[in-house]
Protein chains: 2
Amino acid sequence: MAAPRRPTDAELAILRVLWSQGPSTVREVAEETGREGAYTTVLKLLQIMTGKGLVRRDESARTHVYRAARSERATQRQLVRDLADRAFGGSASRLVMQALAVKKASPDELAEIRKWLAEQEQERA
Amino acid sequence: MAAPRRPTDAELAILRVLWSQGPSTVREVAEETGREGAYTTVLKLLQIMTGKGLVRRDESARTHVYRAARSERATQRQLVRDLADRAFGGSASRLVMQALAVKKASPDELAEIRKWLAEQEQERA
DNA sequence: TTCACTCTACGAAGCAGTTCGTAGTCATCG
DNA sequence: CGATGACTACGAACTGCTTCGTAGAGTGAA
């Protein structure tokens, strides 16, 4: 499979619904996004996304059911990589530095970072 | 000033040149991007970016000199925030987690992260 | 059957981003 | 002066994204 193009904003909004709600119909996605009269817009987007391979469609019932083709994590990593390339000279670490400056972390998140740090030092031994 | 729209890919490529080379002429930017026959394309982009307020133009000489209107850091943070909003439910910390998974860090970067971690724990006291 | 409702499909418009060709201006050199 | 070359300005084409309107098919109730 060729390198998939980065999802657009509207596509990402839909993927977010699919990731959090699981496989969904057009109506379910449209209602979750909360916008009025968005039904055919969401339908069209899902059709396009099916063509791009971003989502998969179950057509066994008359009302089709869509699900994200790639996991949230995998997509997030792709986007991080993409941003690192475009704005940080390819350095994910420099991206991390700026992200750390943006917002304080919760205790859980701090713990995760500490854990990651320990692993890094482990590997360096 | 209203919230500036996120720079596009082509705009970011130009900003990267301006950040690393400092104020530059169209020709200097065009040569740095390395693409053939890109001159008028770069010129047009710089004109558009001037209109958007992304760059500032010194017209005192016949050959104009452009410089980035915002710092690299500020722009990077904006982009991080934007990506956090679009793909991480607004959580920069979750973005950090994925970014850490993407690539190993250098010793310097590890040290910076450790320093940041210490500051966080300080504030929590 | 007929009506109302829901669904899919799709065309088309509008807009932004990107690229390129062309025109016109200005400075310099012979 | 006249030619050459570098510069700015700008229109126009092309593409991709997003939105919406409309058509047509399936479903089920009266």
Side-chain angles (χ1 to χ4, degrees), chain A residues 2-18 23-67 75 78-79 82-83 85-87, chain B residues 2-18 23-67 75 78-79 82-83 85-87:
Chain A
R5 180 148 184 70
R6 128 179 67 129
T8 66
D9 287 2
E11 287 166 352
L12 209 38
I14 284 177
L15 287 174
R16 297 235 287 139
V17 173
L18 293 180
S24 307
T25 63
V26 174
R27 179 152 306 280
E28 286 161 352
V29 173
E31 274 165 9
E32 191 61 23
T33 64
R35 311 229 289 64
E36 193 62 30
Y39 186 90
T40 56
T41 298
V42 170
L43 170 63
K44 179 73 159 182
L45 279 168
L46 281 167
Q47 287 169 345
I48 290 170
M49 290 166 78
T50 302
K52 290 182 179 176
L54 286 172
V55 299
R56 291 205 220 291
R57 173 166 55 184
D58 177 353
E59 310 181 359
S60 61
R62 180 160 117 80
T63 301
H64 300 171
V65 176
Y66 294 86
R67 65 183 178 84
T75 303
Q78 176 198 353
L79 291 169
D82 176 78
L83 182 59
D85 286 343
R86 283 185 300 123
Chain B
R5 179 149 186 72
R6 126 179 70 127
T8 66
D9 287 2
E11 286 166 353
L12 209 40
I14 285 177
L15 287 174
R16 298 236 287 141
V17 173
L18 293 180
S24 307
T25 64
V26 174
R27 180 153 305 279
E28 286 162 353
V29 173
E31 275 166 7
E32 191 60 23
T33 63
R35 309 235 289 66
E36 195 63 31
Y39 186 89
T40 57
T41 299
V42 170
L43 169 63
K44 178 72 160 183
L45 280 169
L46 280 167
Q47 287 168 346
I48 290 169
M49 291 167 77
T50 302
K52 289 184 181 176
L54 286 171
V55 299
R56 291 204 220 290
R57 172 166 56 184
D58 177 352
E59 309 181 358
S60 60
R62 180 159 118 79
T63 301
H64 300 172
V65 176
Y66 294 85
R67 64 183 179 84
T75 304
Q78 175 199 352
L79 290 170
D82 177 77
L83 181 59
D85 286 342
R86 284 184 299 122

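All values derive from a computational prediction rather than experimental measurement. Naming convention: chains lettered A, B, ... in sequence-line order (proteins, then strands); numbering from 1 in each chain.
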Rounded to the nearest Å, what distance is computed from the CG atom of residue B:L43 to the P atom of nucleotide C:dT25?
17 Å
Distance check: side-chain N/O of A:R57 vs OP1/OP2 of C:dA9, anything under 4.0 Å?
yes
Nearest-neighbour nucleotide for the B:Q47 side chain, C:dA9, C:dC7, D:dT8 considered:
D:dT8
Can you spot which of B:L43, B:V29, B:V17 makes a side chain to side chain contact (heavy atoms under 4.5 Å, CB included) with B:Y66?
B:L43
Between atom CZ in A:R5 and atom C1' in C:dG17, what is the gap in whole Å?
11 Å
Between D:dC7 atom C1' and B:E31 atom CD, what is the distance in whole Å?
14 Å
State the CG-CE distance between B:L12 and B:M49, to the nearest 0.5 angstrom.
8.5 Å
Test item: B:E28 side-chain N/O and B:T25 main-chain N/O as donor-acceptor pair under 3.5 Å
yes
Could you tell me how far apart A:R27 (CZ) and C:dC5 (C1') are, to the nearest whole angstrom?
10 Å
Take the protein atom CG of A:L46 and the nucleotide atom P of C:dT8, then report the distance between them rounded to whole Å.
9 Å
B:L79 side chain reached by B:L83 side chain, heavy atoms, under 4.5 Å:
no
Of the listed C:dG17, D:dC17, C:dT8, the closest approach to the A:K52 side chain comes from D:dC17
Would you list the pairs meeting side chain to side chain donor-acceptor pair (under 3.5 Å) in which at least one residue belongs to residues 42-56 of chain B, sequence neighbours left out?
B:E11-B:K52
Under a 4.0 Å N-O cut-off, is there an ion pair linking B:R6 with A:D9?
yes
Starting at atom NE2 of A:H64, determine the distance to atom P of C:dC10, rounded to an integer number of angstrom.
12 Å
For each nucleotide in nucleotides 18-26 of chain D, reading 5' to 3', give B when a protein heavy atom comes within less than 4.0 Å of its base, S when such contact involves only the sugar-phosphate, and - otherwise.
BBBBB---B
To the nearest angstrom, the CE-P distance between A:M49 and C:dT8 comes to 15 Å
How many whole angstroms separate atom CG of B:L54 from atom C1' of C:dG17?
13 Å
Is the shortest heavy-atom distance from the side chain of A:S24 to the side chain of A:L18 under 4.5 Å?
yes
